[in-house]
Structure formats: C-alpha cells, structure tokens
Amino acid sequence: QVRLVESGGGLVQAGDSLRLSCDASRGTINVYAMGWFRQGPGKERESVATISVGGDTTEYADSVKGRFTVSRDNAKNTLYLQMNSLKPEDTAVYYCAAAVAYDSIWTPVGVDYWGQGTQVIVSS
C-alpha cells in the first residue's frame, strides 16, 4: 500500500510553467506504474501522462504532448510533472496515481491508489 501526496499547484498565467511533485508519505512508488490525471470544472477525470516502473516508457494525452513531461526518481520516491506553456484549458485539479500494472493505469478504473489532488489555475 502507498500513500501519495501532491504538491506544486498554484495560480499562473498562460505561457508559464509549473512542476508538480508527488511524494509517497507511506510505502514506495518503486513497484508501481505511475500517472497524472486531471479533472477540470464540470469535466470527467482524464489521464494526462503515465510512466512505467523503470521510467523507460511514457505516454501523454494529445492535449499535453510537447508541453508536459512526466518523470520519476525512485531513489527519492517521487513522481514529477513538468508543465510548460500552460493554457487556460489546463486549469484542473491534478491527481497523482499508482497502479500495479502499467497497462491499466491509463484509465481511472485501473488505478489502485490516488493522491488528494493539487489545484492548478491558469489565467488568460
């Protein structure tokens, strides 16, 4: 079992950058595929980026490709999401997620553990 805690959200202007972090306050992320999801106002939770246990495989939603980068530091037990060229439509609560199987982490139903979320607001 792992407990995930996100940080790094905030209010920024369009074009700015933010880096989100997800720390495991209990347990370890080293055995889990990890991902970032987001849920905007009035929208369903959607996958943003995923990364395999070893970090060698990543996937991104089309809406963030080329702007967001997911990475992990297993030695520090931390997952990251570097977000560049932010747009107002990126405004959402961002959630860290862990799954036993990489194949299942792209959808919310495949996630085994969730963080509590961190708010990102991008003003135009």
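Excluded from the calculations below are hydrogen atoms, water molecules and symmetry mates; all remaining heavy atoms, backbone and side chain alike, are included.
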To the nearest 0.5 Å, what is the distance between [atom1] ([X]) and [atom2] ([Y])?
X: R26; Y: L4; atom1: CZ; atom2: CG; value: 10.0 Å
X: S7; Y: D23; atom1: OG; atom2: CG; value: 5.5 Å
X: Y94; Y: W36; atom1: OH; atom2: CH2; value: 10.5 Å
X: M34; Y: Y80; atom1: CE; atom2: OH; value: 12.0 Å
X: S71; Y: L81; atom1: OG; atom2: CG; value: 8.5 Å
X: M83; Y: D16; atom1: CE; atom2: CG; value: 11.0 Å

Are the charged groups of D90 and R67 less than 4.0 angstrom apart, N to O?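 R67 and D90: salt-bridged.
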Thinking salt bridges, do K65 and D62 make one under a 4.0 Å N-O criterion?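 So K65 pairs with D62 through a salt bridge.
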4.5 Å side-chain heavy-atom contact, L86 and L18: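 They are in side-chain contact.
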Can you find a heavy atom in the side chain of E6 that is under 4.5 Å from one in the side chain of V93?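 Heavy-atom side-chain distance check fails, nothing below 4.5 Å.
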I'd like to know if the side chain of [X] reaches the main chain of [Y], judged simply by a donor and an acceptor atom lying under 3.5 Å from each other, with no hydrogens or angles considered.
X: R72; Y: N77; value: no
X: S47; Y: F37; value: no
X: Q13; Y: V122; value: no
X: Y32; Y: A97; value: no
X: T118; Y: G9; value: yes
X: Q82; Y: F68; value: no
X: E59; Y: I51; value: no

Hydrophobic clustering (ILVMFWY, side-chain heavy atoms < 4.5 Å, transitive) - are L79 and Y113 grouped together?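 Per the 4.5 Å side-chain linkage, Y113 and L79 are co-clustered.
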Count I, L, V, M, F, W, Y as connected when their side-chain heavy atoms are under 4.5 Å apart, and connections chain through other members. Are Y60 and L20 then in the same cluster?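 Looking at the clustering, L20 is in the same group as Y60.
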Go through it in stages, so that I can follow the logic: the residues are T58 and T50, the test is side-chain contact (heavy atoms from CB on, under 4.5 Å), and I'd like the CA-CA distance, side-chain angles, deciding distance and then a yes or no. CA-CA 5 Å; T58 57; T50 61; 6.0 Å; no
For T78 and D73, which I'm curious about, is there any donor-acceptor pair between the side chains at under 3.5 Å?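 D73 and T78 do not have a side-chain donor-acceptor pair below 3.5 Å.
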